[in-house]
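Below is one structure, written out as structure tokens; comments come after it.
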Amino acid sequence: VQLQASGGGLVQAGGSLRLSCTASGRSISSYGMGWFRQSPGQEREFVAAISRNGGRTYYENSVKGRFTISRDVAKNMVYLQMNSLKPEDTAAYFCAADRTWYSSSLYASTVPDEYDYWGQGTQVTVSS
């Protein structure tokens with residue numbers, strides 16, 4: 001599967017952005033899907049994930065209640081709606097796909113190394 005992230009930009013604190021991840025080559029229903037972010041000099045960190053069957057979502061604590069991950073299988077796209085953005089959300093955001101078929105289709109990994117396919121990053125900059 002090939003992934004392409006888009007939708008980043010410059011926004012003021014308190015604003016919103018919606019990131020999109022367009023998948024091609026295979027249906028996203030075959031994968032757990034995740035969003036990660038990375039700031040310069042920092043390790044890539046987990047933001048949100050959705051399970052292979054779409055039935056469960058996972059969030060990093062600092063984005064709970066502000067970010068929402070969703071998917072549209074028909075369009076083969078994954079989204080990250082980001083509200084109430086903060087300057088500390090500034091980073092390059094990456095979408096990724098995990099091909100592992102876990103025993104539970106409701107499980108999605110939060111570990112970057114467990115993801116197999118990555119899109120290029122899209123930059124999100126939040127000004128104070």
Side-chain angles (χ1 to χ4, degrees):
V1 66
Q2 293 80 45
L3 304 172
Q4 183 170 354
S6 61
L10 174 64
V11 64
Q12 288 188 333
S16 299
L17 282 174
R18 188 177 81 156
L19 305 185
S20 298
C21 177
T22 303
S24 60
R26 194 166 182 179
S27 173
I28 59 172
S29 62
S30 297
Y31 304 93
M33 300 296 297
W35 285 97
F36 297 81
R37 64 188 180 187
Q38 187 170 23
S39 302
Q42 302 296 317
E43 293 187 353
R44 193 164 295 187
E45 66 173 3
F46 169 73
V47 177
I50 187 166
S51 63
R52 178 165 48 83
N53 70 358
R56 188 167 181 178
T57 55
Y58 299 76
Y59 297 95
E60 193 271 329
N61 284 339
S62 70
V63 308
K64 283 181 180 177
R66 300 189 298 123
F67 291 11
T68 303
I69 186 171
S70 62
R71 69 178 195 173
D72 186 328
V73 174
K75 294 183 179 179
N76 222 27
M77 295 187 69
V78 181
Y79 306 99
L80 185 68
Q81 178 66 44
M82 305 187 296
N83 299 327
S84 302
L85 282 160
K86 304 176 181 180
E88 50 264 43
D89 294 319
T90 295
Y93 283 71
F94 300 83
C95 63
D98 177 3
R99 66 184 177 188
T100 301
W101 282 63
Y102 299 102
S103 58
S104 170
S105 59
L106 290 173
Y107 177 77
S109 175
T110 63
V111 179
D113 286 349
E114 294 183 352
Y115 282 74
D116 304 286
Y117 305 99
W118 292 83
Q120 88 294 350
T122 185
Q123 180 66 36
V124 172
T125 302
V126 185
S127 63
S128 57

- Note on the structure: Separation between OH (Tyr31) and CZ (Arg26), nearest 0.5 Å, reads 4.5 Å
- Message: Please check this pair: side chain of Arg44 against backbone of Asp113, looking for a donor-acceptor N/O pair closer than 3.5 Å.
- Response: no
- Item | Test side chain to side chain contact (heavy atoms under 4.5 Å, CB included) applied to Tyr79 and Asp72, Leu19, Ile69, the passing residue | Asp72
- Task: Give the cluster check for Leu17 versus Phe94: same hydrophobic cluster or not, with ILVMFWY residues linked at side-chain heavy-atom distances below 4.5 Å.
- Result: no
- How many angstroms lie between OG1 in Thr22 and CD in Gln2, if you round to the nearest 0.5 Å? 12.0 Å
- Is there a donor-acceptor pair closer than 3.5 Å between any side-chain N or O of Ser39 and the backbone N or O of Thr90? yes
- Reported CE-to-SG distance for the pair Met77 and Cys95, which is rounded to 0.5 angstrom: 9.5 Å
- From Gln123 CD over to Gln38 CD, what is the distance, rounded to the nearest 0.5 angstrom? 11.0 Å
- Task: For the residue pair Ser109 and Asp98, establish whether any side-chain heavy-atom pair is separated by less than 4.5 Å.
- Result: yes
- Task: Kindly say whether Ala5 contributes a backbone atom to a donor-acceptor pair with the side chain of Gln120 at under 3.5 angstrom?
- Result: yes
- Heavy-atom side-chain contact between Asn76 and Ser24 under 4.5 Å: no
- Query: Parallel, tilted or perpendicular: which describes the rings of Tyr58 and Tyr107, with under 30° parallel and over 60° perpendicular?
  - Reply: perpendicular
- Query: Are Trp35 and Phe67 connected in the hydrophobic side-chain network, where two residues link if heavy atoms are under 4.5 Å apart?
  - Reply: yes
- Message: side-chain contact (heavy atoms from CB on, under 4.5 Å), that's the test. Do Val73 and Ser27 meet it? Break it down for me.
- Response: CA-CA 7 Å; Val73 174; Ser27 173; 4.0 Å; yes
- Message: If the test is side-chain hydrogen bond (donor to acceptor under 3.5 Å, both in side chains), which one of Lys64, Glu60, Arg66 qualifies with Ser62?
- Response: Glu60
- Note on the structure: The reported gap from CZ in Arg18 to CD in Gln81 (rounded to nearest 0.5 angstrom) is 7.0 Å
- Query: Shortest non-hydrogen contact from Ala97 to Met33?
  - Reply: CB-SD, 3.6 Å
- Message: Check for me, please, whether Val47 and Leu3 land in the same ILVMFWY cluster - side-chain distances under 4.5 Å, paths through other members count.
- Response: yes
- Task: Indicate the atoms forming the closest heavy-atom contact of Ser127 with Leu10, along with that distance.
- Result: CB-CD1, 4.4 Å
- Determine, using the 4.5 Å side-chain heavy-atom cutoff (strictly less than), whether Tyr117 and Tyr93 are members of one ILVMFWY cluster. yes
- Message: Looking at every non-hydrogen atom in both residues, tell me the closest pair between Arg71 and Ser51 and how far apart they are.
- Response: NH1-O, 3.8 Å
- Item | Closest contact, heavy atoms only, Val11 versus Gly15 | CG2-CA, 3.8 Å
- Query: Is atom CZ of Arg56 surrounded by more than 12 heavy atoms (other residues, nucleotides or ligands) closer than 6.0 Å?
  - Reply: no
- Start with the C-alpha gap between Tyr115 and Phe36, add the side-chain angles, then the distance that decides, and say whether ring-ring contact (aromatic ring centres under 6.0 Å, His included) holds. CA-CA 10 Å; Tyr115 282 74; Phe36 297 81; 5.0 Å; yes
- Message: According to a hydrophobic-cluster definition based on side-chain heavy atoms being under 4.5 Å apart (Ile, Leu, Val, Met, Phe, Trp, Tyr only), do Met82 and Tyr59 belong together?
- Response: yes
- When every non-hydrogen atom of Ser16 is compared with those of Asn83, the smallest separation belongs to OG-OD1, 2.9 Å
- Shortest non-hydrogen contact from Asp89 toward Ser84: OD2-O, 4.5 Å
- Item | Distance (rounded to the nearest 0.5 Å) between Ser128 OG and Lys86 NZ | 14.0 Å
